[in-house]
Amino acid sequence: MIDSFIFLVKCAVKSIFKNWLLTLASVTVLTICLVTLGSSILLFDNVNLFIDEVGDESQVVIFLDESLTTEQINGIHQQLFQIQNIKNVSYESKEMALQNYLESMGENASLFSDVTSDVLRNSFIFNIKDLSKFDQTMFEVGKIEGISRIRERREVVDRINDISQVILMLAFWIIAIFIVISILVITNTVKVSVYSRRIEINIMKYVGATDAFIQMPYFIEGIIIGILAGILTLFLTYFTYTNILSPIIYDFGLFTPVSFQSRFIPFALFYIVSGALIGMVGSVYPVKKYLNV
Amino acid sequence: MIVFKNVKKTYPNGTDALNGVDIKIDDGEFVFITGPSGAGKSTMIRLLTCEDVPSEGKLTVDGTNLKRLSRRQIPKYRRKIGVVFQDFRLIPTLNVYDNVAFAMRVVGRGGREIKERVMAVLGIVGLEHKVSVFPEQLSGGEQQRVALARAIVNSPAIIIADEPTGNVDPEMSIEIMKLLSSINRNGITVVVVTHEQRLVRAFKKREIRLRYGKVEFDTAHDHDHDHKEKSSDKKDHHSDKEDHKKKHSHKEDKEDSEHD
């Protein structure tokens with residue numbers, strides 16, 4: 001069994017070197033695909049981080065009825081805690097609200113010295129975790145009794161959601177197109193390899209090799225191409241992101257970009273496994289044609 | 001045992017390649033299949049190697065109905081047969097040893113077993129001194145001997161040879177046929193498709209002649225035909241037995257007379 005496996009791996013490696021130009025083409029196209037795939041993920045992660053950082057823009061304030069007792073206010077607090085998509089819930093009494101307001105006025109605070117806390121209302125302030133579920137969350141919040149008014153910046157949330165959607169769609173189509181191109185290029189490489197070894201396949205069939213055994217070297221060839229592309233992508237993305245893109249984002253001062261180092265292992269696994277899978281899929285069809293002997 | 005029972009094969013273009021063939025080949029027999037082009041010889045081989053299935057009738061090999069074999073069962077069946085082609089079908093990038101070992105590797109045999117067996121079969125075909133030589137450096141006859149070694153390396157029960165002497169010179173043709181005969185003497189059924197009547201006449205084995213997809217004559221049944229011997233080896237074997245019996249009875253007679 002081990003002998004057979006070594007034999008199959010040797011066949012695959014031989015073929016890779018024999019058709020080195022096609023192998024190079026396959027690895028290059030698959031690398032481009034995987035770089036796009038990885039860049040989209042990094043872009044998406046950074047957008048999410050950005051959204052988190054501008055999260056204050058999506059902050060929601062609910063003002064409570066004046067008539068509520070302390071117990072009823074605590075009850076509302078509990079109900080807010082039970083809503084899954086809410087984070088950073090804090091209570092602001094009208095006295096605290098006035099104090100914060102005066103502090104925000106700075107030197108002009110004296111102009112409001114006559115204002116009492118009675119003109120303000122007790123409130124809860126919180127953020128939405130997943131902005132795509134904003135409406136649904138606000139509907140649940142709206143069901144809580146004792147709320148007199150809700151202040152939210154729906155247009156900001158909608159805008160952020162729109163941008164996320166566009167990025168997601170773009171990433172999806174770019175990835176899909178590149179995956180199809182990669183599969184086609186690998187299919188072509190394996191096709192050439194299969195064609196040059198059609199006599200071997202024919203003999204294999206006559207001496208009683210199983211279809212799985214015959215397909216194995218091409219699977220291995222596809223997987224090796226995929227793994228090579230995966231490794232190449234990992235280092236390409238690592239160096240371009242860490243040394244070029246990340247410093248640029250940082251220099252803009254918008255937010256601190258996500259760190260690649262902390263995601264190195266998941267990314268490594270992701271690239272290598274995706275590469276191997278795409279390679280495997282690409283190697284299925286060309287062999288099948290020659291198996292019908 | 002190979003049994004063709006009213007086997008018909010019609011190709012999608014309407015050609016009737018086999019048109020009701022009835023043949024029975026016993027274990028250990030040596031059979032020539034002859035006939036002009038288009039007689040159905042290649043179709044017979046295609047059916048025997050499970051490349052195709054009969055359109056009608058029943059084809060069984062060692063009791064297995066080939067029509068009923070599933071795709072998964074075909075490789076297992078093919079390990080029972082060794083096929084030799086007119087164009088040798090050796091892998092040009094592999095040397096003699098690896099070309100033969102290849103057949104064992106693809107059926108999952110181990111390293112030491114491969115080494116021993118490959119060297120043994122190369123010895124049988126007389127090429128043990130050419131293990132490192134590549135096919136293009138060999139003559140047609142030698143290439144066919146490598147192909148023969150590859151066909152027998154997995155110890156098949158049946159050898160099917162499709163025009164095995166088609167690409168070799170006349171002298172080497174005789175050598176190839178002698179090799180096939182010696183393989184047959186070890187109990188392996190040998191089916192040789194050929195159009196060379198010279199060889200058929202020279203080796204005096206059973207001949208099944210096809211014409212228009214039908215059996216024109218079979219020397220096993222047609223006793224008036226020149227080649228009526230079913231299997232010369234079997235006959236030899238029988239005559240050996242008879243000689244032995246005769247000798248034995250003569251010895252007994254002699255002993256009896258001595259006793260007397």
Side-chain angles (χ1 to χ4, degrees), chain A residues 1-23 189-224 283-293, chain B residues 45-46 48-53 69-85 87-94 98-115 117-118 135 146-147 149-162:
Chain A
M1 200 67 190
I2 296 166
D3 283 314
S4 297
F5 185 70
I6 294 169
F7 171 72
L8 293 173
V9 173
K10 269 187 189 169
C11 286
V13 174
K14 254 188 204 172
S15 173
I16 282 174
F17 283 106
K18 196 179 165 194
N19 305 313
W20 66 271
L21 205 62
L22 276 162
T23 305
T189 306
V190 175
K191 216 185 241 179
V192 170
S193 171
V194 169
Y195 184 77
S196 67
R197 285 163 60 190
R198 65 195 183 285
I199 299 173
E200 276 177 60
I201 294 176
N202 193 267
I203 296 162
M204 280 177 160
K205 292 291 288 184
Y206 278 115
V207 297
T210 58
D211 288 355
F213 188 92
I214 296 168
Q215 273 178 318
M216 202 54 82
Y218 305 100
F219 268 130
I220 296 172
E221 191 177 334
I223 290 170
I224 292 174
S283 66
V284 174
Y285 165 75
V287 196
K288 281 240 183 290
K289 190 182 162 190
Y290 287 92
L291 287 178
N292 294 324
V293 177
Chain B
I45 288 189
R46 286 177 64 81
L48 280 171
T49 54
C50 277
E51 282 175 77
D52 233 324
V53 285
L69 280 182
S70 68
R71 197 181 165 86
R72 275 170 168 267
Q73 290 170 315
I74 291 174
K76 212 175 170 187
Y77 160 75
R78 282 182 177 155
R79 290 174 196 186
K80 280 194 218 170
I81 56 172
V83 189
V84 180
F85 304 94
D87 56 357
F88 323 128
R89 296 198 197 172
L90 299 176
I91 301 161
T93 51
L94 301 181
D98 285 327
N99 257 293
V100 180
F102 179 78
M104 290 187 82
R105 287 192 181 115
V106 302
V107 294
R109 298 287 178 82
R112 187 180 288 176
E113 190 191 358
I114 291 177
K115 209 174 224 174
R117 180 76 186 141
V118 171
V146 179
R150 185 183 61 198
I152 60 171
V153 76
N154 283 327
S155 309
I158 304 163
I159 292 280
I160 297 165
D162 185 7

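Predicted model only: the values in this text are computed from it and were never measured. Lettering of chains follows the sequences in order, A, B, ..., and the numbering in each one begins at 1.
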inquiry  = Counting C-beta onward and ignoring hydrogens, is there a side-chain heavy-atom pair between B:Arg150 and A:Tyr206 closer than 4.5 Å?
reply    = no

task = May I ask you to test the A:Val207-B:Arg78 pair for a side-chain heavy-atom distance under 4.5 Å?
result = no

query = Among B:Pro92, B:Ala103, B:Pro156, which has the most heavy-atom pairs under 4.5 Å with chain A?
reply = B:Ala103

request  = Could you tell me which of B:Arg89, B:Arg46, B:Arg72 has the largest number of non-hydrogen atom pairs under 4.5 Å with chain A?
outcome  = B:Arg89

request  = Side chain from CB out, backbone as N, CA, C, O: work out which of these in B:Phe85 comes under 4.5 Å of a heavy atom of chain A, or both, or neither.
outcome  = side chain

request  = Please state whether the side chain, the backbone, both or neither of B:Ile114 comes within less than 4.5 Å of a heavy atom of chain A.
outcome  = neither

inquiry  = I'd like to know whether NZ of A:Lys14 has more than 12 heavy-atom contacts from other residues, nucleotides or ligands below 6.0 angstrom.
reply    = no

inquiry  = Tell me whether the count of non-hydrogen atoms from other residues, nucleotides or ligands lying under 6.0 Å of OH in A:Tyr285 goes above 12.
reply    = no

key: Identified side-chain contact (heavy atoms from CB on, under 4.5 Å) partner of A:Ile203 from the options B:Asn99, B:Val106, B:Ile91   = B:Ile91

query = Just by modelled atom types, is the A:Gly208 backbone N or O under 3.5 Å from a matching donor or acceptor in the B:Arg79 side chain?
reply = yes

query = Of all residues at least two apart in sequence or in a different chain, which pass the salt bridge (Lys or Arg N to Asp or Glu O under 4.0 Å) check with A:Asp211?
reply = A:Lys205, B:Arg71

key: Separation between OG1 of A:Thr210 and NZ of B:Lys76, rounded to the nearest 0.5 Å   = 12.5 Å

message = Measuring from atom NZ of A:Lys10 to atom CZ of B:Arg105, what distance do you get when rounded to the nearest 0.5 angstrom?
response = 7.0 Å

